[in-house]
Amino acid sequence: MTVNEMAQKVDLKSLSTFEDRPVSGVFVSDMVSDVMAGAKSGNLWLTVQTHKSIVPAANLVDVSAVIVTGGKDVPAETVELASKFNIAVLSSDLPTFELVGKLYQLGLGSS
Amino acid sequence: MADCQHTWEMTGITFGFVVFEKCFHCKDLRTFFTEEDHPYLGEGYREDDHYWNRMEAAQTFQFDLRCTRCSHQVSFRDLMGLLHCTGCLEDCPVNVRRLALEKDRTFVLVAFGFLPQALEKPIPEEKLDLLTEYFNSRRDTSRSKIKILPFTLIEDLPRCKGDFIHDIGMLSQEPVTERKPLL
Amino acid sequence: MDIRAIKEALDAEVIEGRELLNDRVDHVYASDLMSDVLAFGQPDSILLTGLATQQAVISAHMAEFKGVVFIRGKHPKDGAGKFARENRLVILRSNLDMYEACVRIENLVQGEQGKLEARKKADEPEKLLLSQERFMEGSDFANAGMISTEIKSVLKKIGFDPKLIRRVAIATYEGEMNVVMHAKRARVFLTVTPKVIEVIIDDEGKGIPDVEKAMQAGFSTATEEQRAMGFGSGMGLPNIRRNTDELNIESQVGQGTKLQMRFMI
């Protein structure tokens, strides 16, 4: 499953421009330390954080996409930086816990 | 051990805070790592001629790298954090290198040691190369790569407006809307 | 769900609040950002977080949560435990990562909902779970047995006991054969409730003049032709009776016969 396919199935809104790529595993955390220590390349990263340093963090561990949950507004500068780095930033109105349920139903596993 | 083709993993992961302090008088910057539950930012305090103000406590972590094959371990406790260059100063050596490397799909991060010690004794380049190698081993380098640069490339530290990759305001009861440059 | 169930689902260690495990929580909130917990958390929730600090427990308390689960094996500092004790909050610690923890609790909720549905169905014995209607023609020897085969397949898919399915299949087959041999056409109804499988074969045909006689083994009104095909040994109705828990026969000569066959689950 690719980022775009997944996004369509769980009703996510694409915010940045990015190169589509396969998804492998899901990493859920709002702390970049956790992401740097534990996320794997290709993971979907679920978070409520929207500040622009999520982009270099996402880039450092090479996640396939950042999904901002809880219907948060993502500032333009975060989206712009993500587009520049070719990183997918998507948004969901669902709270983290519920979005996990949906991703699990798609057959996605842990990081 | 010398013949080992090292495969690195993070070990000894400790979560805590980096506290940023600035002197009111001379603008010197000080940083240290603490495992305190909730570092107190409060009022400034005097020490010799300095009047230190705690500017920020950022959530971060410390680690060592260990080879999964030969168990050789390299400490990274002298790493304060990784900074993302925002290109605030066009001819800053970091910015120049960043632009050059980005053409080659290589993304740059600046490794900071703890201040002021790291100004005298920066993190050795071999260690930064090791860190680069480690992060690159976690990704498909045919798509893009990482390069870790030393912070000593930055000529005018107090003017740097880069963003550290760490968390601010996790404990705050109200959402933190703004992140100020820390240097 | 109750906190004990969450503890078990997450293979968690109880750090505080062992006496509160029977408490129930209505919602789960997964976050490391305490301002969000305060802004969006609902009372009687449980917090899943990787932020192992006293502040997490304080925030949970202020949002009127019942407790906190620290995930990724993270250890809160002493202050967290003391605060939880003083304010009657549960602290659990699990080695699972956030995704896995959420998935396991989600499965727990689904499981409970599934049980609840089953319980509800059990409380409504007459609640219709399945209702199907089929048509068949008399004298259609070529397709004889098709309906009982279909019904057998439907019941197998639902997962009923094979012995029960066999009884339904045999009884329905016999009823089907009677239609093929003695009637013009028939409607076959299959109904399933939590307690009963019912098959009704309602035909338009000769009817049965003497039901009691027809119930005697060996009694047959089959034609020569039919006997030649191997049917009409007169075992039909007795065989149906043997395989059903309840059998009701209504018949009117010149009009038709209605067989109501009931099988208890």
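Proteins get letters first, then strands, A, B, ... in listed order; numbering begins at 1 in each.
- With contacts defined as side-chain heavy-atom distances shorter than 4.5 Å, the pair A/F27/C/D97 does not qualify.
- Contacts of C/I71 with chain A are absent, with no heavy-atom separation under 4.5 Å from either backbone or side chain.
- Contact count versus chain A (heavy atoms, under 4.5 Å) is highest, among C/E100, C/M98, C/Q110, C/R72, for C/R72.
- Within 6.0 Å of NZ on C/K82 lie no more than 12 heavy atoms contributed by other residues, nucleotides or ligands.
- Within residues 45-55 of chain A, the residues having any heavy atom less than 4.5 Å from a heavy atom of chain C are, in residue-number order, A/V48, A/Q49.
- Counting non-hydrogen atoms of neighbouring residues, nucleotides and ligands closer than 6.0 angstrom, the CG atom of A/D73 reaches no more than 12 such neighbours.
- Contact check for A/T96 versus C/Y29: no side-chain heavy atoms found under the 4.5 Å cut-off.
- Counting heavy atoms from C-beta outward, A/M31 and C/L33 have side chains that stay 4.5 Å or more apart.
- The two residues A/L103 and C/Y99 make their nearest non-hydrogen contact at C-OH, 3.6 Å.
- Side-chain atoms of C/D32 and A/S29 include a donor-acceptor pair closer than 3.5 Å.
- Here the side chains of C/S31 and A/D30 are in contact, with some heavy-atom distance below 4.5 Å.
- Atom CD of A/Q8 sits in a sparse spot, with 12 or fewer heavy atoms from other residues, nucleotides or ligands closer than 6.0 Å.
- Your options are A/S111, A/G109, A/G101, A/P95, and the one with the most heavy-atom pairs under 4.5 Å with chain C is A/G109.
- Environment of CG in A/D93: sparse, with no more than 12 heavy atoms of neighbouring residues, nucleotides or ligands closer than 6.0 Å.
- C/K74 is listed as a side-chain neighbour of A/D34, based on a closest heavy-atom distance under 4.5 Å.
- Evaluation of the ring pair (Phe, Tyr, Trp, His ring centres under 6.0 Å) test over residues 44-88 of chain C, restricted to residues two or more places apart or in two chains, returns C/H61-C/F83.
- At least one side-chain heavy atom of A/F97 sits less than 4.5 Å from a side-chain heavy atom of C/E106.
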